[in-house]
Amino acid sequence: MSHLYGFGLMDAEAMVMEAEKWTTVPRQHVCVESTDRQIKTIRPNSAVRSIYKASGCSDNPNRHVNYLEHVVVRITITHPRRGDLAIYLTSPSGTRSQLLANRLFDHSMEGFKNWEFMTIHCWGERAAGDWVLEVYDTPSQLRNFKTPGKLKEWSLVLYGTSVQPYSPTNEFPKVERFRYSRVEDPTDDYGTEDYAGPCDPECSEVGCDGPGPDHCNDCLHYYYKLKNNTRICVSGCPPGHYHADRKRCRKCAPNCESCFGSHGEQCLSCKYGYFLNEETNSCVTHCPDGSYQDTKKNLCRKCSENCKTCTEFHNCTECRDGLSLQGSRCSVSCEDGRYFNGQDCQPCHRFCATCAGAGADGCINCTEGYFMEDGRCVQSCSISYYFDHSSENGYKSCKKCDTSCLTCNGPGFKNCTSCPSGYLLDLGMCQMGAICKDATEESWAEGGFCMLVKKNNLCQRKVLQQLCCKTCTFQG
């Protein structure tokens, strides 16, 4: 049936002849499915999709709907101008019905409260499965953009029968001047008309002209078409396709892995090498300013609101106009020695020359007489740290020694000045050695040989360092 022209031109004589031998359908059942109350925001120039898995009330014999006659959808939506909305419903078999079109002169701000919409486009289809509700928002010029719409809740009321309303053998009565034809798009090369073998599992009860999924007279679930126009019946739309009208699977845009339409701005996920811009529903190779690439999920995620570019949400690499980069965050530019607290510029901690926040832990650079060490300002370098003579931006800092050193006077493993227990110092390097001890216990005594070696800075000599290992490596 056409949305614009109904059933079109009807043959009255054929209808009368059919009525004379008509068999009524089984008793009608009504199934009221549970309500989906998951609230979803309806953003301008985008679509909201909600999926509901219906059972057709299979647990209640008196209400069980297996085959559909018509469907009622009850919807509650809040919206600043409901005339900007268009609503579609797709059945488990892939039939897409337009429940509501855009209306130029509908300025109402009341939205829809438990409003009922109806479709008969899925007549004869199975009721159980995934039903997809789509709400499109196309803003007009008379629109208040400040208030987005919301899909509050929706539910299905299914009307139909529990048993097949048509002849199970599909032997439709023949009427002179009337010829039965398939609803789906037919092709003329399905095979010989006298095929009597088994059909592919994806063929419906209408039958087939051959054994493969390309020989079905009608598809049980979905189908897509090859370049040569051959129809292939499938259980679900393959990657890169979406459920279109009726049971048809149509191709997504080239960069989309999944989508809800054929256009480039109707993507739901992207192929490898592309990232989904969720604001435009398009797949891009480079995320726009104000967002960063999430390579695990192929998404463009938003940076913090002050970032122009970033590598993670709070890790800014460039700031918007009027802001300056303080560490990895963007804030209002304040003079040295002050930071922005969200309202105005406040003084840094007394240890800080520049800072990104309050307290000693917020320092970026230290004042004269202090050194930056692991994000804090100290008066002298801690053990396992050394003074870095190559000051950054004129500010002094302490850098951590190599992991092989206990103490050091420079970077790398060749600048050790003492070693951890069990290691020997050899030409500035800590080597694995025997148990570190002095030659005699008496050498520990005040004025002993090893103490004199250490006091006279002779521990660097290899022979003396081995003789007085314990004394030379002892801190103090």
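No experiment lies behind these values; they were computed from the predicted model shown.
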Shortest non-hydrogen contact from Tyr242 toward Cys252: N-SG, 4.3 Å
So, Asp402 versus Ser404: side-chain donor-acceptor pair below 3.5 Å or not? yes
Scan side-chain atoms only and decide if Ser91 and Glu125 contain a donor-acceptor pair under the 3.5 Å cut-off. yes
Which residue, Phe260, Tyr224, Tyr223, forms the ring-ring contact (aromatic ring centres under 6.0 Å, His included) with His241? Tyr224
Between Leu151 and Ile39, does the side chain to side chain contact (heavy atoms under 4.5 Å, CB included) criterion hold? Intermediate values first, please. CA-CA 6 Å; Leu151 173 61; Ile39 298 175; over 6 Å; no
Would you say Lys308's side chain and Asp321's backbone share a donor-acceptor pair under 3.5 angstrom? no
Verify the distance criterion only: is there a donor paired with an acceptor across the side chains of Ser34 and Tyr52 at less than 3.5 Å? yes
Any side-chain heavy atom of Pro288 within less than 4.5 Å of one from Asn277? yes
Would you say Lys150 and Thr41 are linked by a side-chain donor-acceptor pair, where the criterion is simply a distance under 3.5 Å? yes
Would you say the side chains of Tyr67 and Arg126 form a donor-acceptor pair under 3.5 Å? yes
So SG of Cys199 and CG of Asp209: to nearest 0.5 Å the spacing works out to 8.5 Å
Got a sec, which pairs hit salt bridge (Lys or Arg N to Asp or Glu O under 4.0 Å) with one end in residues 52-75, sequence neighbours left out? Lys53-Asp130, Arg74-Glu116
Are Arg81 and Asp84 ion-paired here, with the side-chain N under 4.0 Å from a carboxylate O? yes
Which heavy atom of Cys352 sits nearest a heavy atom of Gly359, and at what distance? SG-O, 4.1 Å
Exam field: side chain Asp106 to backbone Ser108, donor-acceptor pair closer than 3.5 Å: yes
When you measure from the side chain of Gln266 to the backbone of Ser262, do you find a donor-acceptor pair of N or O atoms at a distance under 3.5 Å? yes
Would you say the rings of Phe112 and Phe117 are close, in the sense that their centroids are separated by under 6.0 Å? yes
If only atom types and distance count, is the side chain of Thr78 paired as donor or acceptor with the main-chain N or O of Gly111 below 3.5 Å? no
Pairing residues for Tyr386 by the ring-ring contact (aromatic ring centres under 6.0 Å, His included) criterion, not counting sequence neighbours: none
Does a salt bridge link Asp374 with Lys400, judged by any charged N lying under 4.0 Å from a carboxylate O? no
Which residues share a salt bridge (charged side-chain N to carboxylate O under 4.0 Å, His left out) with Arg338, sequence neighbours left out: none
Would Lys302 and Glu279 pass as an ion pair if we require N to O under 4.0 Å? yes
With a sphere of 6.0 Å drawn around NE2 of His286, does it hold more than 12 non-hydrogen atoms of other residues, nucleotides or ligands? no
